[in-house]
J.: 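Let me begin by handing over the structure; questions about it come next.
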Amino acid sequence: MDTVTAEPARKADPRLSTAIAIARLIGIMGIVYVHAWTGRTAEELAAIAFSWQTVLRTVLSEMFGRSAVPLLGMISGWLVVSTATRQGYGAFLLGKARTILLPMVLWNAIAIVLVGAAATFGDLKAPTPSSIGWTLNELVPLVHANDINVQMPFLRDLFVCMMLAPLLVRASSIWLALVALIVVACSVSGVHVPLLLRPQILLFFTAGIAARRFGVAERVAGWPVALCALPFVVLIAPRLWTALLGNVFFDAHPHAMAAFDILFRLASAVLFWRVAWALAGSGVADRLRTTERYGFLAFCDHLVLLWLFGPVIGLATGALGAGPYPAYLLVQPLLVLGATVALGRGLMAVSPAVARVLSGGRLGR
């Protein structure tokens with residue numbers, strides 16, 4: 001996630017840099033809600049789709065999680081302009097391999113070993129190595145998304161975007177618009193492009209480059225919060241309804257839902273960027289920015305933590321549907337963040353070099 005490795009936004013405006021850090025933290029914590037432990041299988045969740053606890057989980061994941069990919073992708077594009085124009089291609093790509101690809105592979109290996117062992121020798125119901133091909137794809141998701149660390153295709157596709165970044169940041173605005181239109185066409189039509197597992201990431205990455213070129217981040221920061229929230233409020237109700245209906249509705253209207261998904265994600269990103277800007281000017285800004293240095297580590301480790309410790313805590317709270325479960329659901333991002341901070345500090349105490357590698361360069365300096 002280059003959003004945590006690039007240089008500060010602009011030294012002349014520390015609030016802008018702080019807002020970017022807070023926006024990253026919001027996005028990463030929102031992803032935890034998407035992957036939150038439920039103790040239920042997909043079939044069981046579908047059977048209780050309209051129970052109030054399932055609705056609560058859906059609201060949290062749709063409101064906070066769907067903004068994460070566009071927000072993080074756009075921030076990555078916004079920040080990469082400086083490094084992509086300043087460094088040679090070889091040095092630039094090597095740096096991104098060190099801060100994106102290497103942590104991705106290492107965390108995927110950690111997930112295979114720890115989660116696979118817990119599933120093989122314990123009671124954990126989780127994917128285990130079934131073939132050499134499965135293991136290789138789990139290490140570097142080339143053919144399809146990971147089965148354990150399902151968030152890692154973001155890093156995989158982000159690195160592809162980084163490979164294109166030196167061209168994109170130097171391209172004319174017309175060419176940027178053309179790239180965005182092609183990606184939208186592929187996403188809406190469902191055309192599979194082997195280069196990208198999730199083509200939307202390139203769309204948001206390109207949008208971030210354009211946003212920096214035209215000063216969009218600063219302009220949106222000056223808008224009223226209510227104005228930024230309006231598109232999100234209009235779109236959230238149909239988004240929640242279709243999400244609760246499940247794959248049956250998506251499969252029946254794939255093109256319309258793909259187009260709607262892009263609009264909703266963009267509306268979410270605008271709103272949460274404006275929220276991040278407001279927080280950057282508040283009394284909690286310094287604490288949030290300090291905590292953000294653990295963000296990349298949380299992005300990488302949160303599913304390992306949820307796989308291993310989610311069921312353990314669930315013994316006390318019960319699965320989705322049990323009385324205490326909603327409280328557990330609400331605090332899962334905070335639990336992940338707390339465990340990640342403890343892990344990061346432990347790594348820095350034992351081996352700053354390892355901490356630096358596993359955190360994408362954010363820790364251990």
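Positions are given from 1, in the same order as the sequence printed here.
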J.: According to side-chain hydrogen bond (donor to acceptor under 3.5 Å, both in side chains), does anything in residues 140-162 pair up with another residue at least two apart or in another chain? List the pairs.
T.: N108-N146, N108-N149, W134-D147, N137-H144

J.: Which residue in the set L181, L196, V183, V69 passes side-chain contact (heavy atoms from CB on, under 4.5 Å) when paired with L203?
T.: V183

J.: Do L202 and L168 come close enough that some side-chain heavy atom pair is under 4.5 Å?
T.: yes

J.: List the residues meeting side-chain hydrogen bond (donor to acceptor under 3.5 Å, both in side chains) with T317, not counting sequence neighbours, and say none if there are none.
T.: none

J.: Just wondering, do F159 and L93 contact through their side chains at under 4.5 Å, heavy atoms?
T.: yes

J.: Quick one, L343 and L358 - any side-chain contact, counting heavy atoms below 4.5 Å?
T.: no

J.: Under a 3.5 Å distance rule, please check whether Q53 uses its side chain to pair with a backbone N or O of A322 as donor and acceptor.
T.: yes

J.: Can you see which heavy atom on A23 is nearest to which on L71, and at what distance?
T.: O-CD2, 3.5 Å

J.: What are the two closest non-hydrogen atoms of M74 and L266, and how far apart are they?
T.: SD-CD2, 4.4 Å

J.: So which atom in A68 and which in G27 form the shortest heavy-atom distance, rounded to 0.1 Å?
T.: CB-O, 3.2 Å

J.: Going by heavy atoms in the side chains, are V341 and R345 under 4.5 Å from each other?
T.: yes

J.: Within the distance-only criterion (no hydrogens, no angle test), does the side chain of R356 pair as donor or acceptor with the backbone N or O of G364 below 3.5 angstrom?
T.: yes

J.: Under the 3.5 angstrom rule, does the side chain of Y33 hit a backbone N or O of L330 as a donor-acceptor pair?
T.: yes

J.: Checking the side chain of S17 only, and the main-chain atoms of P14 only, is there a donor and an acceptor separated by less than 3.5 Å?
T.: no

J.: Hey, quick one: are Y325 and L334 part of the same hydrophobic cluster, counting side-chain heavy atoms closer than 4.5 Å, chains of contacts allowed?
T.: no

J.: Scan side-chain atoms only and decide if S359 and R293 contain a donor-acceptor pair under the 3.5 Å cut-off.
T.: no

J.: Check for me, please, whether F272 and V225 land in the same ILVMFWY cluster - side-chain distances under 4.5 Å, paths through other members count.
T.: no

J.: Tell me which donor-acceptor pairs under 3.5 Å the side chains of residues 276-286 have, and how far apart each pair is, sequence neighbours excluded?
T.:
from: S282; atom 1: OG; to: L279; atom 2: O; distance (Å): 2.6
from: S282; atom 1: OG; to: V284; atom 2: N; distance (Å): 3.4

J.: Applying side-chain hydrogen bond (donor to acceptor under 3.5 Å, both in side chains), can you list everything that pairs with T54, at least two apart in sequence or on another chain?
T.: S51

J.: State, with a plain yes or no, whether a side-chain heavy atom of F296 is found less than 4.5 Å away from one of L363.
T.: no

J.: Are M104 and V160 connected, step by step, through hydrophobic side chains (Ile, Leu, Val, Met, Phe, Trp, Tyr) whose heavy atoms are closer than 4.5 Å?
T.: yes

J.: Cluster partners of L230, using ILVMFWY side-chain heavy atoms under 4.5 angstrom, listed by chain and number?
T.: V234

J.: Can you check side-chain contact (heavy atoms from CB on, under 4.5 Å) on L94 and R98, steps first, answer last?
T.: CA-CA 6 Å; L94 181 61; R98 185 169 57 249; 4.0 Å; yes

J.: Can you tell me how far OH of Y294 sits from CG of L25, rounded to the nearest 0.5 angstrom?
T.: 12.5 Å

J.: As a quick check of understanding, evaluate side-chain contact (heavy atoms from CB on, under 4.5 Å) for I20 and W273, giving each step before the final call.
T.: CA-CA 8 Å; I20 287 175; W273 166 248; 3.9 Å; yes

J.: Which residue pairs pass the salt bridge (Lys or Arg N to Asp or Glu O under 4.0 Å) test when at least one of the two sits in residues 256-271, sequence neighbours left out?
T.: R239-D261, D261-R265

J.: Should L155 and L102 be counted in the same cluster of Ile, Leu, Val, Met, Phe, Trp and Tyr side chains packed under 4.5 Å apart?
T.: yes

J.: Looking at S351 and L347, would you say the former's side chain and the latter's main chain have a donor-acceptor pair under 3.5 Å?
T.: no

J.: For residues 302-315, dump all side-chain donor-acceptor pairs below 3.5 Å to protein atoms at least two apart in sequence or in another chain.
T.:
from: H302; atom 1: ND1; to: A298; atom 2: O; distance (Å): 3.1
from: H302; atom 1: ND1; to: F299; atom 2: O; distance (Å): 2.9
from: H302; atom 1: NE2; to: H35; atom 2: ND1; distance (Å): 2.9
from: W307; atom 1: NE1; to: I148; atom 2: O; distance (Å): 3.2

J.: Please list all pairs passing the side-chain hydrogen bond (donor to acceptor under 3.5 Å, both in side chains) test where one or both residues lie in residues 162-190, with sequence neighbours left out.
T.: S173-R213

J.: With side chains defined as the heavy atoms from C-beta onward, is the minimum distance between L197 and P141 less than 4.5 Å?
T.: yes

J.: L335 versus W37: any side-chain heavy-atom pair under 4.5 Å?
T.: no

J.: Taking it one step at a time, do M162 and F92 satisfy side-chain contact (heavy atoms from CB on, under 4.5 Å)?
T.: CA-CA 9 Å; M162 292 300 171; F92 171 79; 4.0 Å; yes

J.: Using the rule side-chain contact (heavy atoms from CB on, under 4.5 Å), only one of I75, V81, T83 pairs with L79; which is it?
T.: I75

J.: Sequence neighbours left out, what passes side-chain hydrogen bond (donor to acceptor under 3.5 Å, both in side chains) with T340? Give chain and number order.
T.: D301

J.: To the nearest 0.5 Å, how far apart are CD1 in I26 and CD1 in I22?
T.: 7.0 Å

J.: Linking Ile, Leu, Val, Met, Phe, Trp and Tyr by side-chain heavy atoms under 4.5 Å, what else ends up with I132?
T.: L136

J.: Taking all atoms of both residues into account, what is the closest heavy-atom pair of I112 and T135, and its distance?
T.: CD1-O, 4.0 Å

J.: Among the clusters formed by ILVMFWY side chains lying less than 4.5 Å apart, do I48 and W52 turn up in the same one?
T.: yes

J.: Please report the closest heavy-atom contact between R289 and A21, naming both atoms and the distance.
T.: CG-CB, 4.2 Å

J.: To the nearest 0.5 Å, what is the distance between CD on Q87 and NZ on K96?
T.: 6.5 Å

J.: May I have all residue pairs that pass ring-ring contact (aromatic ring centres under 6.0 Å, His included) and include part of residues 211-241, sequence neighbours excluded?
T.: F50-W241, F232-F264

J.: Output yes when a side-chain donor or acceptor of R40 lies under 3.5 Å from a complementary backbone atom of L320, and no otherwise.
T.: yes

J.: Report the distance from atom CZ of F250 to atom OG1 of T242, rounding to the nearest 0.5 Å.
T.: 4.5 Å

J.: Run L297 and R362 through side-chain contact (heavy atoms from CB on, under 4.5 Å) and show every step you take.
T.: CA-CA 8 Å; L297 196 65; R362 292 295 288 176; over 6 Å; no

J.: Which atom names give the shortest non-hydrogen contact between P238 and F260, and what distance separates them?
T.: CG-CZ, 3.8 Å

J.: Mind checking the CZ-CZ spacing from R198 to F204? Nearest 0.5 Å is all I need.
T.: 11.5 Å

J.: Other members of the hydrophobic cluster containing F121, with the 4.5 Å side-chain heavy-atom rule, please.
T.: none

J.: If you define the side chain from C-beta out and look only at heavy atoms, does anything of C300 sit under 4.5 Å from M152?
T.: yes

J.: Supply the atom-to-atom distance T206 OG1 to I182 CD1, rounded to the nearest 0.5 angstrom.
T.: 10.0 Å

